[in-house]
Structure formats: C-alpha cells, structure tokens
There are 2 protein chains.
Amino acid sequence: MAPPETKKPEPEPGPKPEPGPEPEPEKAHPKKATPYHHGDLRRAILTAALDAITADGPAALSLRDLARRAGVSHAAPAHHFKDRTGLLTAIAAEGFGLLAGTLGEATDLKDAGVRYVRFAREHPAHFQVMFAPGLLRPGDLELTTARALATDALRTSVSAVRSEDFGIDTRLAGIAAWSLAHGFATLLLGHNLDGPVGDKDPEEVFRTLATTLFRAH
Amino acid sequence: MAPPETKKPEPEPGPKPEPGPEPEPEKAHPKKATPYHHGDLRRAILTAALDAITADGPAALSLRDLARRAGVSHAAPAHHFKDRTGLLTAIAAEGFGLLAGTLGEATDLKDAGVRYVRFAREHPAHFQVMFAPGLLRPGDLELTTARALATDALRTSVSAVRSEDFGIDTRLAGIAAWSLAHGFATLLLGHNLDGPVGDKDPEEVFRTLATTLFRAH
DNA sequence: CGGCAATCTTGTCAGTGTCAAGTTGGGATG
DNA sequence: CATCCCAACTTGACACTGACAAGATTGCCG
C-alpha cells in the first residue's frame, strides 16, 4: 500500500526451482498429493505471510510481495486464497486450530491460561490476526468451526473448576480467565509490559498472577 | 488499498462551503484562531477518521476518502498529519490523553477498571489505534508523553490499594488489573463476549468480575 | 501596502488488490 | 498410448492508494 520503502530491486527471482535439475517434487510424507508446479505454494505463501506479519504486522502485508518471495507471479496467491481477506482468514483459522490443540491438553484452568499466553508468544502472527475482526471474512466456515473448537476447549478447562471455589458462576469465571489471559498476552505482544515484566519469564509472571487472583478465597 | 468497493461515484463534492454566501467562519469559541480556508480541517479529518475506523477498522482507512468527506483535495490531509502513520499517531495520542483524563478521576482500582472498559466502549476507534503499535510512529513525542500520562494515572490507582490486601506486590497487582481490564475491553470490542455477556451491561459484568477476583482473601 | 508563511490544489509516480483471459502440465479416462 | 480435462499458474489491465513536488490561494503582520 505504501511505495516509499524500496524493497527488492534485484531482478533475479531468488531461490526458485533450480534451472538445472528438476524441482524435486518429493515431500515430507511421500503421498499427500503434491499440489502442482511449485511444490506447495499454499504453504509457502502462508509461512511467508506469517513471517511478514511477525515482522511488520498485518497492515504491512502485501500479496504481491508474498508472491515475489515465493518466486511466482503476482496473481498466484489469489488462486489459493481468493483475496487478501481470504489469506488472513486462513491464517486465523489455522491459529484457532493450533490454539484449540494446546488448550485441549491443559490440565486445569491455570495451565490453560499459561498455554494461552505461550501460544500468543510462539505464534504472534496467528494471534494478531485471530483477533482482528476487521481483517477476516465474517462467515467463513473453516474460521467459525476452528474458533468454536478453541472456545469449546476453553470452556472445558473452565468447567473443570468447581464453582464453589470462587463463589462465582462458571460463565463469569470463564470470562474472567479469558480476559486475564487475553489481556496479558495482548499487552505483552504490544510491548506494553516490557517495563513491569522486565527480563523475567512472562509465563512465570502470568502463573503467579493467575495463582494469586484465582486461589480459593 | 482495495478498489473493489465502489464508494462515491457522485460528482458533487457534498456539504462544502456553500457557493452563494461566504463559508461562515464562526466557531464555537469565538477566538481560538480559526485556522484557514476550511475552518478546522485538522479536526474535521480527525473526526471523519474516527467515524471510518469505528465502522470498518483502521485497516480500511483511506486518506483520500477522508479528504473527499471533508470536501478538500486529496493531498490536504498530508499537511496536517504528514502521512497515514501521522494521522493514526495523532489519534492514539488523543486517545491516551482522554484515557489519562478519565483514569485520573477514578476513586479506586476497581473504578479505574470500569472506567477503562467504559473508555474502550465510548471511544472504540481511539482504543483500537492506541494498541496497534504497527500503525504508529514509535518515537513520536505527543504520543509518548500522552501514553506516559495514562500510565501514570493507572499507576496511581494501583498504588492506592495496600499490598497486604492481596498478598501480592504492587507491580504485579498493576499488571493483573491492567490485563483484566484490557482483555475484557478487547474481547468486548471484538464481539468475542457477545455470547457470554449477552444483553447485560458490560460495565456491570466487569464490576462483579473485578470485585470477585480482587476482593480481600 | 507588500511580502510572507501557512493552507490548500494540481499533477504525477510507484505500488497495490482484484478481475479476466490465456497458458501450462499432470493425471485420469478411453 | 493418445486424448481431454482441469487445477495451477501467468499475463495484462484497471481502479485505487499513499507520498511527493511544485504551484496557487489567502489571511495576517510589519
């Protein structure tokens, strides 16, 4: 969207399929239906997008730039993601899937919170996009199902705590836990806690925090 | 950035200074140095931007569109805000100023939290931009001072609670309170709490939440 | 009254997202 | 093995954008 930043005046397309030998269509899992010419353009663009978002945020993302990085034409991404919104929606859906996975392995509510924060730190690009509704396709099926999965996982962790422990109904406890973890993660990613947290391990800070706030009264 | 959405094919410039009488340079406060031709372009663009962001998010914001709404040429905004980042930075700075103001009137920590949530609901555009670091000019003076003001106001509210009440040091209590309020506000604006909160008053929900979590142990 | 500086306009350029139409090549079908 | 089909990709175009440079307008101040 902004042309001021000179980026890649180099005419060479970069690390593409070598001109000499064939582009080696082998994959990690032998079968799995290797898509086509590029090898796995969809995945390549996704990871390139994640890198770009991690570095400069979702706003700076450019489909044409991603295409250049992958060594394909400017319109190639459209075939896999329809448009910019589609790409970001795919990223968000993937993120909710990953989140649901890690939340599903949580032993209790506090552990779920710690996992939530860890997820945000390990997948900052996913996390940012997941909670930027203006960038996503609202009705998308993959997105809504993945989000529902993550919500369910969170709800399961919440329902595991007996309500008498907090003198608070389960629904409210869920909102509280989610708010605490989400706020901590968001402020952390935005470097708003760099001062207070300092060089301490953020997950450890959050653990003490959650322990103190949520201990039995 | 995206030309697909047809917006305003109407050739007429809209509600501009009427061609017949003069553009009536009167202001609310008689003096105050009415800037120039437009009356108060800077303010006009700011409020137009806030409207646009509230409606479609910061990503959809277009300087040229704001200029059209204000009835000025496409390059007019640049003179007041330098560039897109400058405009968003100005909005964020204004937001931190407003937030500092309302936090400064808080009676205690819980009240500060409620005010934080209320601010996010009453100024959603400001709030979104304030915590989107990728859209702001990092070193901007107005921004950093306004942010410091808001941080101080929050710190004051936190330090008002005696640490023995929570068995937790003040710094940690601050992080906890901020995380809780910020997470709640963020999830609320992203419509992630529409289900759980329902049609109840969000501020009231947050109040019970904070009361339960932060009551003396 | 003359200049001056802030305000705004006009014109231009590189870059972007999206669409439409063409090209390529691998796999299935006969 | 020949053929066709269709997904993957390319090429080209269009409307739009942010940013910059240079010129025009206008109120104010000496």
Side-chain angles (χ1 to χ4, degrees), chain A residues 1-9 13 16-17 22-27 31-45 49 52 56 58-89 135 137, chain B residues 1-9 13 16-17 22-27 31-45 49 52 56 58-89 135 137:
Chain A
M1 63 185 68
E5 314 155 22
T6 47
K7 291 201 168 183
K8 286 166 187 171
K16 250 206 321 193
E22 60 257 42
E24 49 174 337
E26 40 122 358
K27 295 254 304 176
K31 287 185 61 184
K32 200 55 192 265
T34 68
Y36 259 86
H37 315 78
H38 175 276
D40 194 349
L41 220 204
R42 183 183 159 92
R43 193 66 245 170
I45 291 197
D56 304 323
L61 214 174
S62 152
L63 287 186
R64 288 174 113 104
D65 186 44
L66 297 180
R68 277 189 290 266
R69 295 200 205 188
V72 295
S73 78
H74 67 255
H79 194 270
H80 291 274
F81 301 102
K82 171 68 179 171
D83 55 11
R84 217 182 101 104
T85 302
L87 169 59
L88 293 170
T89 302
L135 303 178
R137 186 126 31 219
Chain B
M1 74 184 63
E5 312 155 22
T6 47
K7 292 202 167 181
K8 287 168 186 171
K16 249 207 316 194
E22 62 256 44
E24 48 175 338
E26 42 120 359
K27 296 255 305 177
K31 287 187 60 184
K32 201 51 192 257
T34 68
Y36 259 85
H37 313 78
H38 176 276
D40 195 348
L41 221 204
R42 184 184 159 91
R43 192 67 244 170
I45 292 197
D56 305 323
L61 212 171
S62 152
L63 288 186
R64 287 174 114 101
D65 186 44
L66 298 180
R68 277 189 290 267
R69 296 200 206 188
V72 295
S73 78
H74 65 257
H79 194 271
H80 290 274
F81 302 102
K82 167 70 177 173
D83 56 10
R84 217 182 100 104
T85 303
L87 169 59
L88 293 171
T89 303
L135 302 178
R137 185 126 33 217

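Just so we're on the same page: letters track the sequence lines, and every chain starts at 1. All values reported here derive from a predicted model rather than from experimental measurement.
- Taking both residues in full, the closest heavy atoms of Arg137(A) and Phe81(A) are given as NH2-O, 4.5 Å, listed atom of the first, atom of the second, then distance.
- Of the candidates dA19(D), dT9(C), dT10(D), dA19(D) carries the atom nearest the Asp83(B) side chain, counting heavy atoms from C-beta on.
- Among the nucleotides dC20(D), dG17(C), dG18(D), the one closest to any side-chain atom of Ser62(A) is dG17(C).
- Along DNA chain D, the nucleotide closest to Ala78(B) and the one closest to His79(A) are compared, and the more 5′ of them pairs with His79(A).
- Looking only at side-chain heavy atoms (C-beta outward), Ile45(B) and Leu63(B) stay at 4.5 Å or farther from each other.
- Two residues are said to be in side-chain contact when any heavy atoms from C-beta on lie closer than 4.5 Å; Asp56(A) and Leu61(A) fail this criterion.
- For Arg64(A) and dG17(C), a side-chain-to-base donor-acceptor distance below 3.5 Å is present, hydrogens and geometry of angles not being considered.
- Atoms OG and CZ, from Ser62(B) and Arg69(B) in turn, are 9.0 Å apart once rounded to the nearest 0.5 Å.
- Regarding Asp65(B), its CG atom lies at a distance of 15 Å from the P atom of dA19(D), rounded to whole Å.
- To the nearest angstrom, C1' of dG17(C) lies 12 Å from CG of Leu61(A).
- Here dT9(C) is the nucleotide among dT9(C), dA8(D), dT10(D) with the atom lying nearest to any side-chain atom of Ala76(B).
- Between the CG atom of Leu87(B) and the P atom of dA19(D) there is a distance of 10 Å, given to the nearest Å.
- The CG atom of Leu135(A) lies 6.5 Å from the CZ atom of Arg84(A); values are rounded to the nearest 0.5 Å.
- dC19(C) atom C1' lies 19 Å from atom CZ of Phe81(A), rounded to whole Å.
- The phosphate of dT10(C) (OP1 or OP2) has no side-chain N or O of Ser73(B) nearer than 4.0 angstrom.
- Phosphate contact (OP1/OP2 of dT16(C), side-chain N/O of Arg68(A), threshold under 4.0 Å): present.
- Side-chain atoms of Leu41(A) lie closest to dC9(D) of the nucleotides dC9(D), dT17(D), dT9(C).
- For His74(A) against dG15(C), no side-chain N or O and base N or O form a donor-acceptor pair under 3.5 Å.
- In terms of phosphate contacts, Lys82(B) brings a side-chain nitrogen or oxygen within less than 4.0 Å of OP1 or OP2 of dC20(D).
- For His80(B) and dT9(C), the NE2 to P distance is 10 Å, given to the nearest whole Å.
- Atom pair Leu63(B):CG and dA19(D):P shows a separation of 6 Å (rounding to whole Å applied).
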